[in-house]
**Student:** 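Take a look at the following structure, please.
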Amino acid sequence: MTRTAATLEGRPNRRVAVVLTNLGGPDRPEAVKPFLFNLFNDPAIIGLPGVFRTPLAKLISSRRETSAQANYALMGGGSPLLPETQKQAEALSRALADAAPGDDSRVFIAMRYWHPLTEETAAAVKAFQPDKIVLLPLYPQFSTTTTASSLKKWSECYDGPGETHVICCYPDAEGLIEAQARLIRQTLDKAEGRPVRVLFSAHGIPEKLVAAGDPYQAQVEATVAAVVEHMGLTDWAICYQSRVGPLKWLGPATPDAIEQAAKDGVGAVVVPIAFVSEHIETLVELDMEYGELAHKVGCAPYLRAPTVSADPIFITALADAVGRALETPGTAPQGASQGGPCAHLKACPSGCSKSSRAA
Ligand SMILES: C=CC1=C(C)c2cc3[nH]c(cc4nc(cc5[nH]c(cc1n2)c(C)c5CCC(=O)O)C(CCC(=O)O)=C4C)c(C)c3C=C
Ligand SMILES: [Fe+2]
Ligand SMILES: [Fe+2]
């Protein structure tokens, strides 16, 4: 819809930039090392001063390059995260056009560690000259390592116009829970009556971040509680995957939960509860690595629920969250580091405010 058309309807239309923030993934084998460097050089991931962090990030990305490349090779050499996010962006764009035809909405993608990087997207949003910006993380649960890092980067990069509205998280949004429950039910059907435990597997983070106030674990538990209640599940457990480095991470680890299921004589339906699209953590770690483990320890059947991806119920929930965010007070156009998402971020790690959390 153009400005003119909406103006003719008598409603001053708004230019709305919806920015989907996500992690990003290497698009080809040569991109694996610089992607890993960007990730480990983020102070939200390694909380050391730059003088120590940057050489460490160089070392870790060099050391992990070959094994990570081998894993990305299993998906054709690169991550499907960007194409998956593009599908979600297109679906959201259509949902927003239906929900608010008077607005000139455009959906952008800002990745934290690989292209399109936040700085590139910030320039594209500035060129769009929005009246309103909605920052929408593709992480249902807030963590300092993901959402806070993306929002901080955005506030450092964006110097264009527009009042900013931040959606910090949506751990128990109705559409997320409903879409998730439907996918789990479809996967449970594939067990054909054989006993299975639903293992809700979330990407782990170091325990010390949770002790310092990161609400991620509590929000993962909130998502799981909502799904369990919605479905009336009786045999289920929460576990954490993808441990990296020497620190103590949240547990129990997903491989241990799979072994426990085998010991208890049940199979597993693994549900990636903190991911909303397919990528290396679902397609390689859950399907291949843990699939092999399940086979070895006799956890059968071993099934995995798909992520919500561009499921229409989930996309509608995102569009609703955008609509609600636009109704809440935003922060003034940026141009300075005060205001903007940063002001909101101070509140987030100690528990997100109702106004920024999508119901
Ligand atoms: C809920 C989402 C995520 C959290 C929390 C998170 C924390 C976190 N991640 C690492 C290190 C790595 N993550 C990697 C890949 C990766 N991580 C997420 C999401 C979360 N990470 C996604 C969606 C992906 C997949 C991207 C893709 O390319 O498809 C990787 C790279 C893969 C590998 O080498 O294992 C690393 C490394 C840390 C250290 C951390 C919290 C401190
Ligand atoms: Fe990760
Ligand atoms: Fe928040």
Side-chain angles (χ1 to χ4, degrees), residues 20-29 31-48 53 56-57 59-85 88 109 111-115 137-150 169-171 176 200-210 212 214-220 223 238 240-250 254 271-290 307-309 349:
L20 299 177
T21 68
N22 210 339
L23 189 112
D27 49 357
R28 56 190 191 281
V32 169
K33 190 168 151 184
F35 158 76
L36 290 174
F37 172 78
N38 290 344
L39 189 150
F40 288 108
N41 197 35
D42 179 356
I45 297 290
I46 296 184
L48 294 173
R53 191 183 64 250
L56 193 58
L59 185 74
I60 303 173
S61 52
S62 293
R63 289 221 173 135
R64 283 183 80 92
E65 182 184 14
T66 310
S67 63
Q69 270 175 345
N71 284 333
Y72 283 104
L74 297 169
M75 301 181 299
S79 171
L81 188 60
L82 178 58
E84 282 270 304
T85 309
Q88 293 171 313
I109 295 170
M111 296 296 198
R112 183 65 186 88
Y113 306 123
W114 202 244
H115 303 277
L138 286 176
Y139 305 106
Q141 302 88 8
F142 182 96
S143 170
T144 54
T145 61
T146 52
T147 299
S149 171
S150 288
C169 46
Y170 37 96
L176 170 73
F200 293 98
S201 180
H203 196 304
I205 58 170
E207 270 187 355
K208 70 170 192 181
L209 297 179
V210 176
D214 191 311
Y216 176 73
Q217 183 181 23
Q219 293 200 2
V220 166
T223 306
I238 300 179
Y240 293 89
Q241 65 181 93
S242 325
R243 197 186 138 213
V244 185
L247 296 174
K248 189 163 190 292
W249 277 42
L250 291 176
T254 305
V271 179
I273 199 68
F275 300 136
V276 298
S277 56
E278 300 295 327
H279 43 66
I280 192 167
E281 311 289 4
T282 56
L283 300 169
V284 177
E285 189 164 29
L286 291 181
D287 291 353
M288 298 183 195
E289 288 176 25
Y290 297 170
T307 51
V308 289
S309 192

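Atoms within a ligand are numbered from 1 in the order they appear, just like the ligands themselves.
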**Student:** For residues Ile46 and Phe40, report the shortest heavy-atom separation together with the two atoms involved.
**Tutor:**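 Heavy atoms only, the tightest pair is CD1-O, 3.5 Å.
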**Student:** Quick one about Ser277 and Gln88 (side-chain donor to acceptor, distance below 3.5 Å, no hydrogens or angles considered), yes or no?
**Tutor:**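 Short answer, no.
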**Student:** Considering non-hydrogen atoms only, spot the tightest contact between Gly24 and Phe35 and give its length.
**Tutor:**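 So the two residues come closest at O-CE1, 3.2 Å.
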**Student:** Return the minimal non-hydrogen interatomic distance between Arg64 and Val244, and the atom names on each side.
**Tutor:**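 That would be NH1-CG1, 3.5 Å.
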**Student:** Taking all non-hydrogen atoms of both residues into account, name the closest pair between His279 and Met75 and its distance.
**Tutor:**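 His279 and Met75 have their closest heavy atoms at C-SD, 4.0 Å.
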**Student:** Between Trp114 and Asn38, do the side chains contain a donor N or O and an acceptor N or O under 3.5 Å apart?
**Tutor:**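 The criterion, which ignores hydrogens and geometry beyond distance, is not satisfied for Trp114 and Asn38.
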**Student:** Would you please say whether a donor-acceptor pair under 3.5 Å links the side chains of Thr307 and Ser309?
**Tutor:**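 No - no donor-acceptor pair under 3.5 Å links their side chains.
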**Student:** Please produce the table of protein N or O atoms sitting under 3.5 Å from N or O atoms belonging to ligand 1, one pair a line, distance to 0.1 Å.
**Tutor:**
residue  : atom   : partner : partner atom : Å
ligand 1 : 9 (N)  : His203  : NE2          : 3.3
ligand 1 : 17 (N) : His203  : NE2          : 3.4
ligand 1 : 21 (N) : His203  : NE2          : 3.1
ligand 1 : 28 (O) : Tyr72   : OH           : 2.5
ligand 1 : 28 (O) : Ser79   : OG           : 3.3
ligand 1 : 29 (O) : Ser79   : OG           : 2.7
ligand 1 : 29 (O) : Ile280  : N            : 3.4
ligand 1 : 34 (O) : Arg64   : NH2          : 3.1
ligand 1 : 35 (O) : Arg64   : NH2          : 3.1

**Student:** Please report the shortest heavy-atom distance between Leu81 and Thr85, naming the atom on each side.
**Tutor:**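 Nearest heavy atoms, Leu81 then Thr85: O-OG1, 2.6 Å.
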**Student:** Regarding Arg112 and Thr21, do their side chains bring together a donor and an acceptor under 3.5 Å, going by distance alone?
**Tutor:**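 No, no side-chain donor-acceptor pair sits under 3.5 Å.
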**Student:** If waters are left out, how many protein N/O/S atoms lie within less than 2.8 Å of the Fe ion (ligand 2)?
**Tutor:**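 Protein heteroatoms (N, O, S) closer than 2.8 Å to the Fe ion (ligand 2) number 1.
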